[in-house]
Amino acid sequence: MLFQGLSLRLEAGECVELRGPNGSGKTTLLRTLAGLLPMQGQLVESTRLAYLGHTNGLAGPLSPLENLRWYVGLGGSAADEPLIHAALHRLEIGGLFRQPVERLSAGQQRRVALARLLIGAAPVWLLDEPYTALDLSGIACVDGLLREHVAAGGSALVASHVPVAAATRIVELSGASAPA
């Protein structure tokens with residue numbers, strides 16, 4: 001068992017940074033909380049959340065605009081074009097919104113994935129290594145998004161090997177998990 005007796009409370013307006021060495025369970029915890037892995041026990045309280053994992057979850061042949069339209073459609077909503085355009089501009093992808101994602105750099109693809117946070121309106125963000133492939137401008141952008149999200153009453157649980165500037169609390173996971 002990877003986690004035994006784990007209790008974690010994430011309050012509105014809080015950004016918790018998960019730290020720990022590779023194999024300590026950061027990704028497993030986030031994937032479990034996102035409902036992607038089975039869990040023994042139960043969540044005391046559940047709410048809408050946005051999960052961004054190691055992979056960006058983008059369709060390569062589609063443009064950033066088409067990927068975000070599809071993402072919005074998953075929730076059963078019609079695409080809010082001005083909101084999508086604003087999110088892409090905020091993540092500095094506005095000039096590339098019609099290019100196939102597979103032609104974008106890894107950092108640009110990460111920015112497109114991060115744009116989902118701005119159009120999803122989920123109060124809880126679960127982010128696994130959100131700074132992956134980002135340059136200094138992208139890192140600053142993520143930090144700004146996190147600060148704004150928690151200032152507006154949202155919360156975030158962020159696994160990172162890079163210090164999270166917006167973190168209000170740090171939770172240390174230690175030890176290595178057994179091979180699967």
Side-chain angles (χ1 to χ4, degrees), residues 1-58 67 71 74 87 90-91 105-180:
M1 179 175 288
L2 185 57
F3 302 108
Q4 188 169 0
L6 177 67
S7 177
L8 177 67
R9 185 172 180 92
L10 184 63
E11 299 286 344
E14 186 175 38
C15 177
V16 174
E17 178 183 345
L18 286 177
R19 283 190 189 164
N22 291 335
S24 62
K26 298 178 302 296
T27 295
T28 299
L29 176 59
L30 290 175
R31 289 177 55 82
T32 301
L33 293 172
L36 300 173
L37 295 175
M39 177 174 52
Q40 293 179 331
Q42 71 182 99
L43 291 174
V44 173
E45 187 176 325
S46 183
T47 187
R48 275 185 332 119
L49 54 87
Y51 171 74
L52 177 66
H54 285 128
T55 60
N56 293 321
L58 302 170
N67 269 280
Y71 175 75
L74 282 176
R90 175 70 194 276
L91 273 297
S105 73
Q108 291 168 330
Q109 290 180 25
R110 192 61 166 177
R111 289 170 186 254
V112 174
L114 287 160
R116 291 193 305 251
L117 299 172
L118 298 176
I119 62 174
V124 177
W125 293 355
L126 303 176
L127 308 180
D128 197 357
E129 298 293 347
Y131 303 113
T132 299
L134 293 178
D135 56 17
L136 293 177
S137 171
I139 290 169
C141 188
V142 170
D143 288 338
L145 293 176
L146 284 165
R147 283 189 185 101
E148 289 173 19
H149 183 64
V150 298
S155 56
L157 185 58
V158 184
S160 181
H161 291 287
V162 175
V164 179
T168 55
R169 182 166 51 109
I170 297 169
V171 172
E172 208 51 66
L173 297 180
S174 60
S177 61

Taking every heavy atom of Asn56 against every heavy atom of Arg116, the minimum-distance pair comes out as O-NH1, 2.8 Å
- Task: Ignoring hydrogens and angles, tell me if any N or O in the side chain of Gln108 forms a donor-acceptor pair with the backbone of Ser105 under 3.5 Å.
- Result: yes
* **Non-hydrogen side-chain atoms of Ser155 and Trp125 separated by less than 4.5 Å** => no
Smallest heavy-atom separation, Leu49 atom then Ala122 atom, equals C-CB, 3.6 Å
* Asked: Can you check whether Val158's main-chain N or O pairs, donor with acceptor, with Lys26's side chain at less than 3.5 Å?
  -> no
Quiz item: Between Leu33 and Val124, is any pair of side-chain heavy atoms under 4.5 Å apart?
Solution: no
ask   = Mind checking whether Arg19 and Val171 have side chains closer than 4.5 Å, heavy atoms only?
value = no
| Just by distance, do the side chain of Glu17 and the backbone of Ala167 share a donor-acceptor pair under 3.5 Å? | no
In short, His149 meets Pro123 closest at the heavy-atom pair NE2-O, 3.1 Å
Below 4.5 Å, heavy atoms only, C-beta onward: do Leu58 and Val112 meet side chain to side chain?
-> yes
Practice problem: Determine yes or no for a side-chain-to-main-chain donor-acceptor pair under 3.5 angstrom, with Thr168 supplying the side chain and Glu14 the backbone. | Solution: no
Closest heavy-atom pair, Leu10 versus Ala156, reported as atoms and distance to 0.1 Å, is CD1-O, 3.6 Å
| Heavy-atom side-chain proximity of Leu91 to Leu118 below 4.5 angstrom | yes
Check your understanding: Counting distance only, does the side-chain N/O of Arg111 pair as donor-acceptor with the main-chain N or O of Arg90 below 3.5 Å?
Key -> no
State plainly whether the residues Arg110 and Glu129 are in salt-bridge range, i.e. N to O under 4.0 Å.
no
From the list Leu126, Asp128, Leu127, Leu30, side-chain contact (heavy atoms from CB on, under 4.5 Å) with Leu18 holds only for Leu30
